Amino acid sequence: MVTLYSPPSTGAVAFFYSNTSIRFYNYHNNLTLFSRKLGSHNISLQINQTPFCNAVHIQDGSVAAPPSKNENETPLKKLKDGILSVTPPMEKQKDTFDFGGNKDKSTVSITVVGASGDLAKKKIFPALFALYYESCLPEHFTIFGYARSKMTDDELRNMVSKTLTCRIDKRENCGEKMEQFLKRCFYHSGQYDSQENFAELDKKLKEHEAGRFSNRLFYLSIPPNIFINAVRCASLSASSAHGWTRVIVEKPFGRDSESSAALTGALKQYLKEDQIFRIDHYLGKELVENLSVLRFSNLIFEPLWSRQYIRNVQFIFSEDFGTEGRGGYFDHYGIIRDIMQNHLLQILALFAMETPVSLDAEDIRNEKVKVLRSMRPLQLDDVVVGQYKSHTKGGVPYPGYTDDKTVPKDSLTPTFAAAALFIDNARWDGVPFLMKAGKALHTRSAEIRVQFRHVPGNLYNKNFGSDLDQATNELVIRVQPDEAIYLKINNKVPGLGMRLDRSNLNLLYSARYSREIPDAYERLLLDAIEGERRLFIRSDELDAAWSLFTPVLKELEHKKIVPESYPYGSRGPIGAHYLAARYKVRWGDLA
């Protein structure tokens with residue numbers, strides 16, 4: 001083993017093992033690549049920024065923690081689970097080094113802007129508490145709620161306490177942990193466009209930071225029409241004087257290419273691109289994060305991941321409820337903007353991208369952008385839209401979309417859409433990527449379905465009759481609910497005859513893993529605190545995504561295309577089946 005110490009000013013120590021690769025985290029904003037050849041072995045060191053989880057990850061499974069000399073460093077008590085961290089085998093714990101560090105000189109202040117809203121109450125505060133419960137937040141942190149509503153600290157704590165829960169597999173000291181967490185939650189009332197109110201918030205933040213090296217994270221849980229005012233005031237009046245300032249922005253990121261570009265331009269008047277964290281919570285879901293692991297760390301999948309073996313790929317999203325009073329927001333955007341242009345397209349880009357140079361955020365996002373730029377703009381002929389109507393099922397009446405009092409009676413906004421997209425590159429040329437998303441359908445689910453080609457000259461075709469689709473292998477990644485990965489294979493039924501059926505090789509997460517799966521917001525909040533950007537959307541990525549959907553969205557609205565009606569609780573409009581059949585595809589979730 002060779003040990004390399006960097007100059008004291010960098011506060012970095014690296015370990016070089018022959019025939020290994022090392023990942024090292026510290027506070028430098030730039031990416032530095034160092035390589036040296038020792039004997040016949042190539043050794044490489046990659047340095048990336050992340051404020052709280054500092055470790056050297058070594059390919060053989062051991063982990064070494066670097067020294068903590070930067071004054072804004074606060075190591076996590078527990079390394080975050082995820083693709084960038086490796087849990088060392090028990091017998092290799094002796095290879096773990098702890099150099100200590102000064103934990104008293106830095107703090108993180110998290111401000112939830114729009115703290116009285118549903119998203120803050122149901123998702124953001126519970127996610128922050130879950131991170132605190134798992135000891136994943138730094139030792140010194142403060143959480144502030146900011147909104148126009150008049151509220152005291154105690155009233156905020158009372159509101160937040162009603163939504164907090166402890167991990168199913170860790171209920172020890174739950175009440176005590178909640179009490180400790182709530183003591184760190186405070187509230188400040190103010191207008192979103194008032195620099196004076198944000199200056200008052202800044203004063204309170206400084207009181208709690210108590211002279212420590214301060215870092216600040218703002219979560220904008222507010223309507224998009226007031227993003228810019230809030231960012232301007234926070235940037236000018238409440239930014240950290242010495243540490244980093246980051247802003248998490250919730251979708252929607254505009255309605256089309258023009259409005260998205262205008263929003264990005266306005267944000268960049270006050271923030272640099274690396275300060276903006278555009279959140280898509282679907283990228284934080286466990287099975288979406290597992291996509292790259294499944295593909296790039298299993299030899300059996302990567303060789304099959306191309307047009308040579310894959311016949312089509314389906315991205316399916318369905319909800320078994322309607323707008324239920326949220327029609328005012330939804331009617332302005334519709335299902336294509338709300339689900340397809342962001343959630344499903346982001347998953348498609350991760351699924352179809354080429355192997356990145358490394359797991360660094362920029363390398364991954366570069367590959368995603370290449371996929372999006374290789375895609376054909378969506379054509380109206382390749383889109384089917386629908387809108388749910390009222391229906392009575394089991395004696396229970398269910399209202400139609402336009403029965404919602406917050407929706408105009410003559411609304412043509414789609415609550416269902418299906419689309420066929422194509423990637424014009426060497427790997428995916430000619431393979432249809434089908435998307436389907438809808439509200440008020442027969443079930444709630446989100447899944448990826450990979451249908452493989454028919455076996456050439458299959459000896460057992462006669463056992464399947466004329467329907468060759470019955471003999472097709474299919475890989476299903478169920479994102480929610482009941483997270484699972486399963487592969488459909490053909491198998492002989494036990495007995496003296498030769499009868500075949502389709503069976504599943506099934507990995508059901510609840511059966512395999514005892515731990516509760518963290519909420520997507522937990523992972524994304526932790527990544528934002530650590531400065532890890534790979535699950536957040538870059539501006540050029542956003543531009544490429546909108547360029548695919550903007551033309552067809554404008555055409556739908558300009559031509560006033562009437563959506564096809566489908567009953568509440570059904571499988572959607574019949575037009576979706578005709579769209580799939582045009583490309584000789586059968587929707588996998590309807591088999």
Side-chain angles (χ1 to χ4, degrees), residues 107-133 136-138 140-166 177-210 212 214-240 243-251 277 279 281 519-522 524-526 528-529:
T107 183
V108 173
S109 298
I110 303 167
T111 301
V112 181
V113 181
S116 58
D118 279 350
L119 178 63
K121 289 186 286 189
K122 295 178 181 179
K123 291 293 184 180
I124 302 171
F125 283 111
L128 288 169
F129 171 66
L131 292 176
Y132 175 72
Y133 190 78
C136 284
L137 291 180
H140 299 291
F141 74 92
T142 304
I143 298 172
F144 258 86
Y146 184 98
R148 290 176 293 204
S149 306
K150 298 296 182 182
M151 199 184 309
T152 64
D153 292 345
D154 287 337
E155 287 171 335
L156 173 78
R157 291 164 184 161
N158 182 56
M159 178 190 77
V160 169
S161 66
K162 296 175 182 177
T163 62
L164 303 186
T165 57
C166 293
K177 283 276 191 179
M178 281 189 186
E179 187 176 342
Q180 293 170 357
F181 175 78
L182 291 171
K183 285 180 180 179
R184 302 204 187 197
C185 295
F186 304 90
Y187 185 78
H188 182 73
S189 175
Q191 298 298 314
Y192 299 127
D193 59 353
S194 170
Q195 284 187 234
E196 182 181 351
N197 292 158
F198 272 89
E200 294 167 357
L201 171 67
D202 178 65
K203 184 178 179 181
K204 288 186 177 180
L205 291 175
K206 286 177 179 176
E207 291 175 1
H208 289 279
E209 288 163 353
R212 296 186 182 92
S214 63
N215 299 302
R216 293 183 180 178
L217 176 68
F218 292 87
Y219 195 120
L220 301 189
S221 177
I222 52 178
N225 61 312
I226 52 179
F227 278 171
I228 304 305
N229 286 333
V231 166
R232 174 177 57 83
C233 295
S235 175
L236 297 177
S237 302
S239 289
S240 171
W244 50 256
T245 299
R246 296 172 185 149
V247 178
I248 297 178
V249 183
E250 272 278 353
K251 74 173 184 68
F277 287 70
I279 191 171
H281 73 274
D519 184 79
Y521 281 91
E522 297 172 31
L524 293 169
L525 277 165
L526 183 57
I529 293 170

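These numbers were taken from a predicted model, which means no experiment stands behind them.
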(request) Kindly assign one of parallel, tilted or perpendicular to the pair F144 and H208, based on the angle between their ring planes and the thresholds 30° and 60°. (result) perpendicular
(message) Would you say CD of Q180 has more than 12 non-hydrogen atoms from neighbouring residues, nucleotides or ligands within 6.0 angstrom?
(response) yes
(request) Go through the steps to decide whether Y146 and F218 satisfy the test ring-ring contact (aromatic ring centres under 6.0 Å, His included), and finish with yes or no. (result) CA-CA 10 Å; Y146 184 98; F218 292 87; 8.8 Å; no
(message) Do E155 and M159 make a side-chain contact, defined as non-hydrogen atoms from C-beta onward lying under 4.5 Å apart?
(response) no
(request) Verify whether the ring centers belonging to Y521 and H281 lie closer than 6.0 Å. (result) yes
(message) Here's one to test your reading of the geometry: is the NZ or CZ of R157 within 45 degrees of the ring axis of Y187 and under 6.0 Å from its centre?
(response) no
(message) If you apply the rule side chain to side chain contact (heavy atoms under 4.5 Å, CB included), what do you find for Y219 with V113, and how did you get there?
(response) CA-CA 6 Å; Y219 195 120; V113 181; over 6 Å; no
(request) Please step through side chain to side chain contact (heavy atoms under 4.5 Å, CB included) for the pair L525 and L131, ending with a clear verdict. (result) CA-CA 9 Å; L525 277 165; L131 292 176; 4.1 Å; yes
(request) Run the salt-bridge test on K204 and D153 with the 4.0 Å N-O cut-off and return the result as yes or no. (result) no
(message) Is it true that, when you exclude K206 itself, more than 12 heavy atoms of the residues, nucleotides or ligands shown sit nearer than 6.0 Å to its NZ?
(response) no
(request) Please examine the side chains of N215 and L217, heavy atoms only from C-beta on, and report whether any two atoms are closer than 4.5 Å. (result) no
(message) Does the Lys NZ or Arg CZ of K177 fall within the cation-pi geometry relative to Y132 - under 6.0 Å from the ring centre and within 45° of the axis?
(response) yes
(message) Between R216 and E209 (salt bridge meaning N to carboxylate O under 4.0 Å), is one present in this structure?
(response) yes
(request) Please determine, by modelled atom types, if S214 and S240 share a side-chain donor-acceptor pair under 3.5 angstrom. (result) yes
(request) Taking the side chain as every heavy atom from C-beta outward, state whether I143 and F181 have any pair of such atoms under 4.5 Å apart. (result) yes
(message) Given the ring of F141, does R184 sit roughly above its face, with NZ or CZ under 6.0 Å from the centre of the six-membered ring and within 45° of the axis?
(response) yes
(message) Please determine whether side chain to side chain contact (heavy atoms under 4.5 Å, CB included) holds for the pair E179 and L182, giving the CA-CA distance in whole Å, both sets of side-chain angles, and the decisive distance to 0.1 Å.
(response) CA-CA 5 Å; E179 187 176 342; L182 291 171; over 6 Å; no
(request) Starting at SG of C233, measure out to CG of D202 and round the result to the nearest 0.5 Å. (result) 12.5 Å
(message) Within the structure provided, determine whether F186 and L156 are in side-chain contact (heavy-atom separation under 4.5 Å).
(response) no
(message) Can you confirm whether V160 sits close enough to L164 that some side-chain heavy atom of one is under 4.5 Å from a side-chain heavy atom of the other?
(response) yes
(request) Any chance you could lay out the side chain to side chain contact (heavy atoms under 4.5 Å, CB included) test for L205 and T111, step after step, and finish with the verdict? (result) CA-CA 9 Å; L205 291 175; T111 301; 4.2 Å; yes
